[in-house]
Amino acid sequence: MPSFDTTAGVRQDAGAPGTPDDAPARSPLLQHLNAEQLAAVTLPAGHALILAGAGSGKTRVLTTRIAWLLQTGQASPGGILAVTFTNKAAKEMVARLSAMLPINVRGMWIGTFHGLCNRLLRAHHKLAGLPATFQILDTQDQLAAVKRLCRQHNVDEDRFPPKQLVWFIASCKEEGMRPRDVPVRDQDMQKKVEIYQLYEEQCQREGVVDFGELMLRSYELLQGNDAVRAHYQRRFAHILVDEFQDTNRLQYAWLKQLAGDVVEGRLVTHGSVVAVGDDDQSIYAFRGARVGNMQDFVREFDVQRTIKLEENYRSYSNILDCANALISHNQGRLGKNLRTAQGPGEPVRVHEAPSDLAEAQWIVEEIRNLVRSGEAERREIAVLYRSNAQSRVIESQLFNAGVPYRVYGGLRFFERAEIKHALAYLRLLENPHDDTSFLRVVNFPPRGIGARTLEQLQDAARGAGCSLHDAVSTLTGRAGANLTAFVALIDVMREGAQGQNLRAIIGQMLEASGLVEHYRNDKEGADRLENLDELINAAESFVTQEGFGRDAVALPLDEQRGAPVLGQSPASQGLDASLPMAEPGTVIDTDTGETLSPLAAFLTHAALEAGDNQAQAGQDAVQLMTVHASKGLEFDCVFIGGLEEGLFPHENAMSDRAGLEEERRLMYVAITRARKRLYLSHSQTRLLHGQTRYNVRSRFFDELPEEALKWLTPRQPGFGSFGAGFSGGGAYGARASGGAGRSLGEVFASPPVPERKEGPGHGLRVGLQVFHNKFGEGKVLAIEGAGEDARAQVAFPRHGTKWLALAVAKLTVVE
DNA sequence: TCAGGAATTCTCCAG
DNA sequence: GAATTCCTGA
């Protein structure tokens with residue numbers, strides 16, 4: 001193992017293949033693991049890839065491995081870095097670990113990529129070129145900043161929509177590219193890069209970083225500072241990465257920096273990197289995730305050990321058969337098949353509804369039956385959907401039926417307008433040059449500072465190259481007076497905050513800013529006032545809870561020079577007293593040990609963790625969420641609604657194979673959430689954009705094994721009946737199911753009878769064969785609108801797919 | 001300056 | 001159908 005540096009702090013006497021010599025009997029830690037899991041947990045030092053199928057006990061393997069490393073003395077808490085994508089996953093890992101071992105988990109670096117980057121940047125902010133109090137922009141803030149920039153520089157917002165610019169900047173950073181690194185091919189690109197450059201200057205001036213910058217900046221910190229890099233490389237003898245298939249290029253490069261250096265074209269590493277992932281569950285390509293990182297990892301880290309976890313402990317085999325059959329339609333998989341020792345279980349139930357409303361009613365009825373019969377608790381029932389817009393109709397039906405439910409996603413606590421306003425005031429206390437926050441609240445509540453005044457102020461600030469806060473003194477007149485009063489208000493607040501605890505600071509700010517009074521006078525302000533109260537509570541529990549301390553450790557750089565190197569310290573005692581604890585807050589000055597103020601730490605927390613959107617977590621409620629949000633969760637009963645072409649698979653993703661395959665992986669994730677019972681449903685019509693759309697059943701139905709399904713409603717002609725002429729189909733289109741030739745009467749007579757009192761008027765239905773005078777015969781793919789505005793999408797073998805206005809086009813139904 | 005109504009846009013998502 | 005932006009009149 002030439003790439004393995006023995007100074008890395010891994011005890012070399014650990015006997016291969018993993019089980020320590022002094023443990024002839026299985027440690028209690030390792031009980032109840034199957035052979036695959038045991039092998040993964042007790043992997044000897046060295047890089048490894050664990051391919052963990054859905055429900056194969058991945059989190060358990062990860063946490064047990066960490067516990068095992070600590071217990072056997074192969075690592076000390078300070079030598080471990082475990083990185084995840086979501087706060088949820090990080091929290092769960094910490095919780096499970098502390099349940100397993102009586103250790104101080106604070107010594108370990110367990111967190112999200114962004115959380116750990118934040119920690120690095122706080123500890124080395126000077127080297128990273130950031131102020132100690134740098135603030136983090138969320139997506140909303142980022143969009144606001146870009147819009148402001150566009151207006152200042154007269155960017156044509158029709159040609160360069162701010163949202164697209166945000167996306168462009170984010171994807172550049174995900175690829176590790178600064179403005180100078182972006183290849184410029186045309187004028188548009190030139191302009192975009194210019195804006196990117198301006199945006200960077202603006203952020204630097206204001207002392208703010210966006211999420212992408214958090215990653216990129218800490219990558220550059222490691223890359224550009226040999227001492228810092230060497231320190232962390234030596235410290236982290238064990239790096240564990242969760243959901244590796246979701247890493248983007250920059251995150252992978254960041255991991256490589258922490259793992260070792262490239263010497264003469266080869267990666268020379270100090271510790272072990274264990275990556276856990278599942279290529280079949282990669283559902284974030286649209287935001288830069290690169291499944292290819294798994295192959296790159298194996299090659300560049302010269303990975304000798306790959307372990308597959310294929311035993312599924314979650315679902316019955318009918319459900320797994322569906323998942324396996326579906327995903328087998330994807331190409332280029334690493335190859336993995338889930339198996340279970342459990343029996344077939346119940347068949348997967350399929351339901352067709354005439355409308356989205358009827359679909360929701362059916363789902364709610366089934367849920368009530370399940371609960372009434374005692375077959376499932378409400379909290380063990382989940383309704384999954386492809387897009388958030390679908391939740392409303394289900395929510396309203398649940399509400400009408402009086403069924404408690406909980407929605408994940410949507411607007412979360414720290415994203416609410418009133419909370420953002422309050423946070424903006426708090427941020428100005430920390431950093432008066434944060435122009436984004438300044439603009440957010442300078443006139444909220446209204447204090448007579450309008451667009452005109454702010455334009456002047458922004459001009460002045462640009463002229464003087466200073467922040468809005470500093471430019472206020474240059475303005476005169478009545479507008480100037482209002483602004484001066486605002487700045488004075490902030491300054492008074494800041495002084496009042498001296499020596500106060502967080503609760504008092506926020507309380508005073510809420511009063512002094514006028515926010516409380518403003519919402520008190522607002523008819524619909526009651527909820528907002530409640531949320532502001534909740535903000536105080538959140539701050540309170542942040543200070544008292546362990547969550548505050550967990551981010552608290554950063555090693556002074558000097559630490560590395562004294563022996564022993566941390567990773568090598570005998571860790572049999574489990575506790576690591578040698579680690580300097582720096583509470584409260586993260587260390588921001590590695591020389592003096594200065595820490596972040598509680599307020600600054602709380603603001604960071606608010607930016608990195610948007611919080612839940614609903615408080616009643618403990619209640620026994622039905623769970624509603626998007627398929628994306630369901631990843632990593634499991635339920636006894638799962639409903640997947642809206643399985644229609646254009647919705648799932650989503651129309652934005654249907655045009656190319658890569659997009660379609662990601663949709664299929666998404667469906668795979670959805671199916672594998674279910675333990676006992678799975679319901680799939682689709683609807684003939686759906687209200688979207690306030691318009692009725694006529695949809696075909698999703699092609700995914702045709703990719704499931706018929707013997708595992710139970711059709712609750714008669715099987716209608718679906719996607720598979722189109723035959724030729726549909727793009728992106730390949731194998732799918734060929735599977736005709738014999739429904740295409742039905743007559744109108746037959747189609748309409750078959751149940752379920754649509755609830756519409758009158759038909760759509762044109763007599764067309766999706767799936768019918770029609771004739772057009774010019775284009776010839778074709779198949780109806782979709783119908784939108786009604787009456788005069790009705791349009792149909794028709795696939796013609798010769799002329800491609802066209803949208804036709806039914807009031808104009810003469811279409812006849814081919815019998 | 002600002003409230004309220006009209007027009008427009010847009011859906012996948014963690015940090 | 002909702003959130004956001006645009007627009008107009010007071």
Side-chain angles (χ1 to χ4, degrees), chain A residues 83-90 111-118 136-144 147 151 157-158 161-164 166-167 170 173-174 209-215 218 242-243 246-248 250-251 283-289 356 384-393 395-396 408-412 414-415 417 443-455 478-479 482 522 604-611 625-632 642 646-654 659 662-663 665-667 669-670 686-693:
Chain A
V83 57
T84 65
F85 271 84
T86 63
N87 287 305
K88 198 164 64 182
T112 62
F113 275 102
H114 294 91
L116 297 176
C117 286
N118 174 57
I136 299 164
L137 296 185
D138 66 15
T139 326
Q140 280 179 45
D141 300 331
Q142 204 185 352
L143 184 63
K147 278 184 185 166
R151 266 159 227 170
E157 291 188 26
D158 289 328
K163 276 196 180 154
Q164 267 183 39
V166 166
W167 184 83
K173 291 187 179 181
E174 275 159 11
V209 298
D210 59 41
F211 287 129
E213 187 70 24
L214 227 37
M215 274 310 312
S218 62
D242 192 15
E243 307 276 16
D246 285 337
T247 52
N248 61 36
L250 178 58
Q251 284 158 338
I283 55 174
Y284 287 112
F286 68 92
R287 62 172 200 226
D356 50 351
L384 309 184
Y385 33 82
R386 177 63 178 78
S387 71
N388 268 312
Q390 290 169 252
S391 77
R392 209 177 359 86
V393 60
E395 273 187 73
S396 70
Y408 286 76
L411 202 58
R412 290 177 303 178
F414 286 114
E415 291 166 358
N443 198 36
F444 191 94
R447 37 175 83 89
I449 302 168
R452 187 84 199 89
T453 312
L454 288 176
E455 224 168 89
R478 206 170 76 221
N482 285 344
D522 187 348
T604 298
H605 165 80
L608 286 175
E609 191 163 354
M625 66 193 81
T626 62
V627 178
H628 282 95
S630 75
K631 188 165 166 198
L647 194 60
F648 202 173
H650 199 275
E651 56 195 344
N652 296 352
M654 278 162 60
E662 177 141 324
E663 294 292 304
R665 290 192 294 269
L666 204 48
M667 182 66 187
V669 167
R686 188 168 293 277
L687 218 55
L688 206 68
H689 308 172
Q691 266 198 327
T692 304
R693 297 235 320 217

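Note on naming: letters A, B, ... go to the chains in the order of the sequence lines (proteins, then strands), and numbering restarts at 1 for each one. Since we're looking at a predicted model, the values are computed, not measured.
- Taking atom CD of A:E174 as the reference point, atom C1' of B:dG15 lies 11 Å away to the nearest angstrom.
- Residue A:N388 places at least one side-chain N or O under 4.0 Å from the OP1 or OP2 atom of B:dC13.
- You'll find a donor-acceptor pair under 3.5 Å spanning the side chain of A:T139 and the base of B:dG15, going by distance alone.
- No donor-acceptor distance shorter than 3.5 angstrom exists from the side chain of A:N248 to the backbone of A:K173, with no hydrogens or angles considered.
- What separates CD of A:E243 from P of B:dC13 is a distance of 16 Å, to the nearest Å.
- Listed nucleotides: B:dA14, B:dC13, B:dC12. Nearest to the side chain of A:T626: B:dC13.
- Closest heavy-atom contact between A:S387 and A:T626: C-CG2, 4.4 Å.
- What separates NZ of A:K631 from P of B:dG15 is a distance of 12 Å, to the nearest Å.
- Rounding to whole angstrom units, CD1 of residue A:I136 and C1' of B:dG15 are separated by 9 Å.
- The side chain of A:N87 has B:dG15 as its nearest neighbour among B:dA14, B:dC12, B:dG15.
- At whole-Å resolution of the value, CE in A:M654 and P in B:dC12 are 17 Å apart.
- Residues forming a side chain to side chain donor-acceptor pair (under 3.5 Å) with A:T112 (at least two apart in sequence, or on another chain): none.
- Following rounding to the nearest Å, A:I283 (CD1) and B:dC13 (P) show an atom-to-atom distance of 9 Å.
- The backbone N or O of A:L687 sits less than 3.5 Å from a side-chain atom of A:D356, completing a donor-acceptor pair.
- Side-chain proximity of A:R287 to the nucleotides B:dC12, B:dC13, B:dG15 is greatest for B:dC13.
- Between A:E415 atom CD and B:dA14 atom C1' the separation is 10 Å, expressed in whole Å.
- Base contact: A:F286 has a heavy atom under 4.0 Å from a base atom.
- With A:D210 contributing its side chain and A:Q142 its backbone, the two residues share no donor-acceptor pair below 3.5 Å.
- Note on A:R386 versus A:E663: salt bridge recorded, some NZ/NE/NH1/NH2 to OD/OE distance being below 4.0 Å.
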Close N or O pairs between protein and nucleotides 1-7 of chain B (under 3.5 Å):
from: B:dT1; atom 1: OP1; to: A:G450; atom 2: N; distance (Å): 2.9
from: B:dT1; atom 1: OP1; to: A:T453; atom 2: OG1; distance (Å): 3.0
from: B:dC2; atom 1: OP1; to: A:G448; atom 2: N; distance (Å): 3.4
from: B:dC2; atom 1: OP2; to: A:N443; atom 2: ND2; distance (Å): 2.8

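- We find that CD of A:E662 is positioned 9 Å from C1' of B:dC12, with the value rounded to whole Å.
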- Note on the structure: Quick tally for nucleotides 1-10 of chain C: nucleotides whose base has a protein heavy atom under 4.0 Å get B, sugar-phosphate-only ones S, the rest -, giving BS--S-----

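- Remark: A:L647 CG to A:R693 CZ distance equals 8.0 Å, nearest 0.5 Å.
- Ring-centre distance between A:F286 and A:H628: below the 6.0 Å cut-off.
- Remark: A:H114 NE2 to A:E609 CD distance equals 14.0 Å, nearest 0.5 Å.
- Nucleic acid contact for A:H628: sugar-phosphate only, since backbone atoms but no base atoms lie under 4.0 Å from a heavy atom of the residue.
- In this structure a side-chain-to-backbone donor-acceptor pair under 3.5 Å is missing from A:E662 to A:G659.
- Place A:Y284 and A:K163 on DNA chain B by their nearest nucleotides, and A:K163 ends up nearer the 5' end.
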